[in-house]
Amino acid sequence: MKLALPLLSLAILAACQTAPPPGPQPESVAMAPEEAPETQVAPTPGEQWLLGSAEARIIMVQTWNEIAAYVEQQAAARPNASVILAPGATPEAPEYLACGDRPLAAVFDADETLIWNTGSTGAFRRLGMEFDPAIWSDWERTGAGKAVAIPGALDGLSRIRAAGVEVIINTNREAANVDGNIETLRAAGIGDFVHGSTLFLKGDTPGGSAKDGRRYAISENYCVIALVGDQLGDIADIFNDKSLRPAGRLALSEAPAFDAMWGKGWFLLPNPLYGPSIAGTMDEIFPPETHWEPSTQE
Ligand SMILES: [Mg+2]
């Protein structure tokens with residue numbers, strides 16, 4: 001988990017602190033330091049949207065309904081191939097691991113997929129801090145009860161379990177914090193998970209935060225019929241090529257073989273707070289062919 005603090009916000013903040021705009025100054029600027037009001041903290045627009053809006057809740061519930069319906073349908077059909085890309089697979093040669101007669105499973109990321117980290121996100125905001133690995137590790141150990149199930153997740157998981165499909169978590173929470181992580185999931189109502197069996201953590205297989213190794217390990221015992229996350233890396237490591245700019249990631253996600261998987265085995269939930277999706281220069285997001293100026297502008 002990594003929190004993004006927009007550089008522009010920092011720049012504006014710095015400018016406000018050191019160089020007030022020209023013209024008459026508001027009274028507060030002239031206050032003596034001891035009279036100055038405390039710095040106001042506020043949620044970011046992304047936090048307001050994700051953690052506070054009815055719109056986000058509705059999208060989550062819609063998506064969880066879709067996930068559960070898909071899993072129920074696949075459980076009845078009993079496919080013989082999983083949705084986990086085989087080693088070396090490409091968009092041109094998309095191969096998936098075979099299932100044999102292994103039991104069915106659905107694999108979920110944890111953070112911002114099953115649970116919202118409302119406690120730590122609010123703490124970072126109140127502290128005026130960006131992501132801090134030591135504080136995050138503390139959160140993994142002690143945050144149980146302050147991480148909440150994402151709207152729709154509990155109903156969705158209960159339908160998936162009722163269909164006879166095992167719920168497995170593949171998360172980049174640390175194996176070193178296994179007890180706290182299990183307790184956090186239990187306290188949020190997600191379930192009781194067993195490390196190495198139904199819960200896979202960073203450090204369980206080589207590759208750091210890359211999750212393919214853990215997906216292969218899960219596939220030794222299960223036929224995975226759904227992958228769910230909030231980042232493309234929750235689906236396959238091929239999407240995490242660091243050389244890809246936003247347009248390259250977009251193109252890879254819409255390659256015909258991969259495009260056919262969204263909503264049909266591969267599912268993503270929205271996360272506007274952090275991750276590789278939060279990237280792009282002015283030209284990348286607003287390319288020249290889209291340039292438009294108001295007609296009233298001189
Ligand atoms: Mg996540």
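When a ligand or atom number is given, it counts from 1 through the structure's own listing order. Because the structure is a prediction, the values reported are computed rather than measured.
Between Arg141 and Asp179, none of the side-chain N atoms (NZ, or NE/NH1/NH2) sits under 4.0 Å from a carboxylate O, so this pair counts as no salt bridge.
For the Mg ion (ligand 1), the N/O/S atoms of Asp111 include one lying under 2.8 Å.
Restricting Asp230 to its N, O or S atoms, the one at the least distance from the Mg ion (ligand 1) is OD1. The atom name of the N/O/S atom in Asp109 closest to the Mg ion (ligand 1) is OD2.
A donor-acceptor contact closer than 3.5 angstrom links the side chains of Ser137 and Asn177.
For the ring-ring contact (aromatic ring centres under 6.0 Å, His included) with Phe267, the lone residue among Tyr70, Trp262, Phe108 that qualifies is Tyr70.
Taking CH2 from Trp49 and OG1 from Thr44, the interatomic distance works out to 12.0 Å, rounded to the nearest 0.5 Å.
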